[in-house]
Amino acid sequence: MVPPVQVSPLIKTARWSALLVGMIYGKKRYDYLKPIAEEERRVEAEEKVAREEAERIARQLAEASDDSILK
C-alpha cells in the first residue's frame with residue numbers, strides 16, 4: 001500500500017472551518033424554520049377538526065334522509 005499523503009494545514013483548516021460554518025448556518029436556519037412549521041401544524045390541526053366536524057354533520061344528514069320510512 002501507498003503511504004497516505006500529508007495534507008496541507010491550510011486545507012485542513014479550510015475543511016474544519018467549512019464544517020463549523022455549515023453547522024452554525026444549519027442551527028440558525030433550523031431556529032428560523034421551527035416556529036413557522038409549528039404554526040403550520042397548528043393551523044392544519046384546526047382545519048382537520050373543522051373538516052371532520054363538517055364530514056360528521058354531512059354523514060348524519062345523509063343517514064337521516066336515507067333511513068326515512070316516508071319515501
Side-chain angles (χ1 to χ4, degrees):
M1 293 192 71
V2 179
V5 178
Q6 186 68 22
V7 179
S8 166
L10 177 65
I11 293 174
K12 286 184 182 180
T13 303
R15 289 172 63 188
W16 281 102
S17 298
L19 176 64
L20 293 175
V21 167
M23 290 171 61
I24 292 169
Y25 170 77
K27 175 69 173 144
K28 287 187 176 190
R29 183 73 177 160
Y30 176 78
D31 290 342
Y32 171 76
L33 292 175
K34 186 176 180 181
I36 295 170
E38 288 174 354
E39 179 66 19
E40 288 175 354
R41 282 192 296 271
R42 185 188 63 78
V43 168
E44 181 63 31
E46 291 174 359
E47 290 174 354
K48 181 180 178 184
V49 169
R51 186 174 53 247
E52 288 174 349
E53 182 67 20
E55 290 173 0
R56 183 185 63 79
I57 292 171
R59 191 171 41 250
Q60 286 178 346
L61 290 173
E63 288 175 1
S65 65
D66 289 342
D67 294 337
S68 176
I69 60 171
L70 302 174
K71 290 183 181 179

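What's counted below: heavy atoms across the whole structure, side chains too, no hydrogens, waters or symmetry copies.
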Salt-bridge criterion met for Arg42 and Glu38 (N-O under 4.0 Å): no
Candidate list Arg29, Lys34, Lys27, test salt bridge (Lys or Arg N to Asp or Glu O under 4.0 Å), partner Asp31, passing option: Lys27
Sub-4.5 Å side-chain heavy-atom contact between Glu44 and Glu40: no
From NZ (Lys12) to CD (Gln6), nearest 0.5 Å: 5.5 Å
Straight-line distance of Arg56 CZ to Leu61 CG, nearest 0.5 Å: 10.0 Å
Joint hydrophobic cluster, Trp16 plus Met23, side-chain heavy atoms closer than 4.5 Å: yes
